[in-house]
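Every value quoted in this text rests on a predicted model; they were computed, and no experiment measured them. Note on naming: letters A, B, ... go to the chains in the order of the sequence lines (proteins, then strands), and numbering restarts at 1 for each one.
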Amino acid sequence: MSKVKRLDKNYFLTEDVLYLAKDLLGKVLVTSIEGQRTAVMITETEAYKGPVDRASHAFGGRRTRRTETMYLPGGCAYVYLCYGMHHLFNVVSAPAGVPHAVLIRAGKPLEGVPLMMDRRKMDKMEKRLTAGPGSLSRALGISTALDGEQLEGPKIWMEDRGIQFQENEITAGPRIGVDYAGEHALWPYRFYLKSSQWVSKR
DNA sequence: AACATGATAAACT
DNA sequence: GTTTATCATGTTC
């Protein structure tokens, strides 16, 4: 067995959000909500490069009540409501004042599968349990109540369980659902595990 | 008015 | 099985 290490604040302080988005593949995201534990291995991410990225809520250094969380020091959660019903979870990165973030889009279920199915109102196991950012958050019990929450626990944290991937096991491509960003939408800022069954479908 | 989505249903192959 | 259209839903700007 590989050793388990909880990712600490320093890990998230890098300004290289593309590296971080890629490196988060294979890391384990754990939540403990009302004492109920669930976990997934991250299989799909997207980088949002703050000020220079038209697809980012913080494009051009935009500061609003919603985006303020992204300007906090790396290592906290940015959770916002999308389309009035989906709670999208991002990892804030870079030092305070640099609003970079990584959207976590999908994972492979590891712990608490019955609870996750219950939250998703599914009566049999399906691939969509934790595929797609809205579904993933739902399964893990993540809501906007966790916006700004530190990723060092006790409610939510990330672990390195020694799972590593080679470059050729990772695919990079355009981000999903950001057509409004024009040519920036075509930047290859989405990363996912090529052979995984647990990624969101096109 | 726009929005970093997902469930569903209908009409395909 | 797959693609396509439609719509639910509420906060932000």
Side-chain angles (χ1 to χ4, degrees), chain A residues 12 17-18 20-22 24-25 29 38 40 42-72 74 76-94 98-109 116-149 151 156 171-193 196-202:
Chain A
F12 300 104
V17 70
L18 294 180
L20 187 67
K22 227 188 300 187
L24 281 171
L25 297 174
L29 173 60
T38 49
V40 301
I42 296 168
T43 57
E44 180 180 351
T45 62
E46 280 179 3
Y48 286 85
K49 206 168 183 177
V52 300
D53 182 358
R54 210 175 287 279
S56 171
H57 295 155
F59 176 62
R62 180 182 188 77
R63 295 187 89 122
T64 65
R65 176 134 95 245
R66 181 174 67 162
T67 65
E68 202 58 34
T69 308
M70 284 198 281
Y71 292 86
L72 294 173
C76 64
Y78 170 49
V79 187
Y80 72 95
L81 191 65
C82 184
Y83 294 105
M85 60 195 99
H86 305 298
H87 299 250
L88 270 51
F89 168 67
N90 299 250
V91 173
V92 173
S93 75
V98 181
H100 295 169
V102 178
L103 173 67
I104 309 300
R105 291 190 55 90
K108 171 186 170 184
M116 291 196 282
M117 287 174 61
D118 191 48
R119 285 174 175 149
R120 296 270 289 118
K121 302 199 191 316
M122 291 172 45
D123 50 8
K124 66 183 202 317
M125 187 56 169
E126 294 176 63
K127 295 286 163 50
R128 60 186 181 87
L129 178 67
T130 51
S135 299
L136 180 71
S137 292
R138 187 84 168 152
L140 291 171
I142 296 171
S143 74
T144 53
L146 293 186
D147 186 43
E149 185 82 12
L151 296 178
I156 183 167
T171 304
R175 290 170 293 183
I176 305 291
V178 292
D179 291 349
Y180 61 86
E183 63 180 31
H184 293 192
L186 300 177
W187 290 354
Y189 279 17
R190 171 175 179 245
F191 303 97
Y192 61 95
L193 297 177
S196 178
Q197 312 268 157
W198 302 97
V199 301
S200 67
K201 58 175 171 58
R202 257 259 28 122

Whole angstrom value for the distance that separates P of B:dA4 from CG of A:D179: 11 Å
Applying a 4.0 Å non-hydrogen cut-off, can you work out what A:L103 is touching in the nucleic acid: base, sugar-phosphate, or nothing? base
Would you tell me if any nitrogen or oxygen in the side chain of A:R66 comes within less than 4.0 Å of OP1 or OP2 on C:dT11? no
Between A:W187 and A:Y189, how do the two ring planes meet: parallel, tilted or perpendicular, split at 30° and 60°? tilted
Less than 4.0 angstrom between a side-chain N/O of A:R105 and OP1 or OP2 of B:dT5, yes or no? yes
Residues, nucleotides or ligands: over 12 heavy atoms within 6.0 Å of A:R138 CZ: no
Check this for me: does the side-chain of A:H86 come within 3.5 Å of the base of B:dA4 through a donor and an acceptor? no
Between A:R120 and A:Y180, the residue closer to the 5' end of DNA chain B by nearest nucleotide is A:Y180
Write down the distance between CE (A:M122) and P (B:dG6), rounded to a whole number of angstrom. 13 Å
Can you measure A:L136 atom CG to B:dA4 atom C1' for me and round it to whole angstrom units? 14 Å
Nearest to side-chain heavy atoms of A:L88, which nucleotide of B:dT5, C:dT12, C:dT9: B:dT5
Non-hydrogen side-chain atoms of A:R120 and A:E126 separated by less than 4.5 Å: no
Nearest whole angstrom, please: distance from the C1' of B:dC3 to the CZ of A:R62. 12 Å
Heavy-atom side-chain contact between A:P51 and A:H100 under 4.5 Å: yes
Separation of atom NE2 in A:H87 from atom C1' in B:dG6, rounded to whole Å: 13 Å
Decide yes or no for A:L81 and A:H86: does some side-chain heavy atom of the first lie under 4.5 Å from some side-chain heavy atom of the second? no
Can you tell me which nucleotide in C:dT12, B:dG6, B:dC3 comes closest to the side chain of A:T64? C:dT12
Applying the Watson-Crick and G-U wobble criteria at under 3.5 Å, what pairs with C:dT11? Answer none if nothing qualifies. B:dA2
Identify whether a stacking contact exists between A:Y83 and C:dG10, where the ring centres must be under 5.5 Å apart and the planes under 30° apart. no
Could you check which of B:dT5, B:dA7, C:dT9 has an atom nearest any side-chain atom of A:M85? C:dT9
Output the rounded distance in Å from NZ (A:K201) to C1' (C:dG1). 13 Å
So what does A:R138 hit on the nucleic acid, given a heavy-atom distance under 4.0 Å: a base, only sugar-phosphate, or nothing? nothing
A:D123 atom CG is separated from B:dA7 atom P, nearest whole Å, by 13 Å
Which of the following nucleotides, C:dT12, C:dT11, B:dG6, is nearest to the side chain of A:L81? C:dT11
Rounded distance (Å) that lies between atom C1' of B:dC3 and atom OH of A:Y48: 12 Å
